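No experiment lies behind these values; they were computed from the predicted model shown.
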Amino acid sequence: MRREDKQFEHWIGQANQPFSGWDFSHIVETGRMNSDCLAWSYGSMAIPLMQDAESMLDMGTGGGELLSMLRPWPKSVCATEGYRPNLSVAKERLEPLGVTVLSVEDDEHLPFETGQFDLVLNKHEAYSPREVRRVLTDGGYFLTQQSGGTDCFEINERFGMPLNTAFAEWKLDAAMWGVRENHFEVVKQSEQFLSQRFYDVGALVYYLKAVPWQIPDFEVDKYREELYSIHLLIEQQGYFEVTQHRFYLLAKALS
């Protein structure tokens, strides 16, 4: 029956679209995936901090999409990216604009001098609070928005894949403890659980290919039965809903 479902096969085949950097516009701008609004704006917090900084680092810049739109920049701007496919995209976008883009594979060893930056930005990137504190000046700021350890757990339940135990306890309290233990003062913070909906199974496949850590062994053929079950759910109620787990904190480096 599944093989004869032309709509299902259409969505599965349509999911083979190229993905580069950190750009989900293919499914977001077309309304095929949507999320509730956060109670805060990472960009609106970042821009005033940038205006007061002489130097800054953007950790996990992806393809540089967000950083390229956050203006004006401080005099000195560096960016790191640990995901190899994104590195060339980030370099092509940011280096002509004067940004130094470096590959980083070890969060515990950033290729920068001690106290090099007045500001460190980090959106959805792993980090070592000890190492972030090392590269920050006294009085410098660290702003991060993170995906919590239970992010989109309903996907894992549907696919019979347990959440990664190494990150299951990753939440705001743990992040605040980490920075406080490394000579930071937490200035602002918030945590939120919000709805994310997929309106066709092809959008879900596209998403899972872009975020391989959600279902590490994801392949369409391996999970066809689970995907078809989700397809039928969407056909019945119009969407497949999961729960995003997001939090942010703004911390000041103490002397």
Does one hydrophobic cluster hold both [X] and [Y], with members joined at side-chain heavy-atom distances below 4.5 Å?
X	Y	result
V187	L143	yes
F142	F117	yes
W177	V186	no
Y223	Y228	yes
V77	L57	no

Should the heavy atoms of other residues, nucleotides or ligands under 6.0 Å from [atom1] of [X] be counted, would the total exceed 12?
X	atom1	value
H10	NE2	yes
R84	CZ	no
Q237	CD	yes
E154	CD	yes

May I ask you to test the [X]-[Y] pair for a side-chain heavy-atom distance under 4.5 Å?
X	Y	result
Q214	N156	yes
K123	L121	no
L67	W73	yes
R158	V242	no
V211	F24	yes
V205	I12	yes
V104	L110	yes
M161	D217	yes

Going by ring pair (Phe, Tyr, Trp, His ring centres under 6.0 Å), name the pairs with one or both residues in residues 36-72, residues two or more places apart or in two chains. W40-Y248

For [X] and [Y], which heavy atoms make the closest approach, and how far apart are they?
X	Y	value
K222	E226	O-OE1, 4.2 Å
S88	P85	OG-O, 3.9 Å
A90	G64	CB-N, 4.2 Å
M50	L70	CE-O, 3.1 Å
L119	A53	CB-CB, 4.0 Å
G115	T137	O-CG2, 3.2 Å

Okay, side chain of [X], backbone of [Y]: is any donor-acceptor separation there less than 3.5 Å?
X	Y	result
E81	G62	yes
S55	D118	yes
D138	A253	no
R134	H109	no
T30	H26	yes
N86	G63	no
Q192	A39	yes
D36	S195	yes

Looking at [atom1] of [X] and [atom2] of [Y], how far apart are the two atoms once the value is rounded to the nearest 0.5 Å?
X	Y	atom1	atom2	result
I47	D52	CD1	CG	12.5 Å
D151	F193	CG	CZ	9.5 Å
T80	F112	OG1	CZ	6.0 Å
L38	R246	CG	CZ	7.5 Å
L254	H183	CG	NE2	8.5 Å
M56	K75	CE	NZ	15.5 Å

Ring-ring centroid check W170 F247, cutoff 6.0 Å: yes

Can you sort out the partners of D173 under salt bridge (charged side-chain N to carboxylate O under 4.0 Å, His left out), two or more places apart, ordered by chain and number? none

Could you work out, with side chain to side chain contact (heavy atoms under 4.5 Å, CB included) as the rule, every residue matching N34, not counting sequence neighbours? Y199

Checking I234 now: which residues fulfil side chain to side chain contact (heavy atoms under 4.5 Å, CB included) with it, not counting sequence neighbours? I230, F240

Give the intermediate values and the outcome of side-chain contact (heavy atoms from CB on, under 4.5 Å) for residues I155 and I215. CA-CA 8 Å; I155 295 176; I215 306 293; 4.1 Å; yes

Take W11 and Q7 through the side-chain contact (heavy atoms from CB on, under 4.5 Å) test and state the conclusion after the steps. CA-CA 6 Å; W11 286 127; Q7 190 63 61; 3.1 Å; yes

With F184 as partner, the option from L249, L136, L250 fulfilling side-chain contact (heavy atoms from CB on, under 4.5 Å) is L136

Would L227 and H231 count as a side-chain contact (heavy atoms from CB on, under 4.5 Å) here? Give the steps. CA-CA 6 Å; L227 290 169; H231 169 69; over 6 Å; no

Salt-bridge present (R133, E181; N to O < 4.0 Å): no

Note: K6-E9 ion pair, threshold 4.0 Å (strictly below): no

Using residues 95-103 as the side-chain source, report each donor-acceptor pair under 3.5 Å to any protein atom, sequence neighbours left out, with the distance given to one decimal.
residue	atom	partner	partner atom	Å
E95	OE2	K91	NZ	3.2

Would you please test D107 and Y127 for side-chain contact (heavy atoms from CB on, under 4.5 Å) and show each step? CA-CA 5 Å; D107 297 329; Y127 65 91; 5.6 Å; no

Only one of Y207, Y239, Y206 forms a ring pair (Phe, Tyr, Trp, His ring centres under 6.0 Å) with F198, so which one is it? Y207

What salt bridge (Lys or Arg N to Asp or Glu O under 4.0 Å) pairs are there with at least one residue in residues 183-206, not counting sequence neighbours? R32-D200, R197-E241

Could you label the plane-to-plane angle of the F159 and F218 rings as parallel, tilted or perpendicular, counting under 30° as parallel and over 60° as perpendicular? perpendicular

Assess, by modelled atom type and distance only, whether the side chains of Q146 and N122 contain a donor and an acceptor separated by less than 3.5 Å. yes

Could you walk me through whether H124 and Q145 pass side chain to side chain donor-acceptor pair (under 3.5 Å), step by step? CA-CA 6 Å; H124 299 178; Q145 178 176 301; 3.1 Å; yes

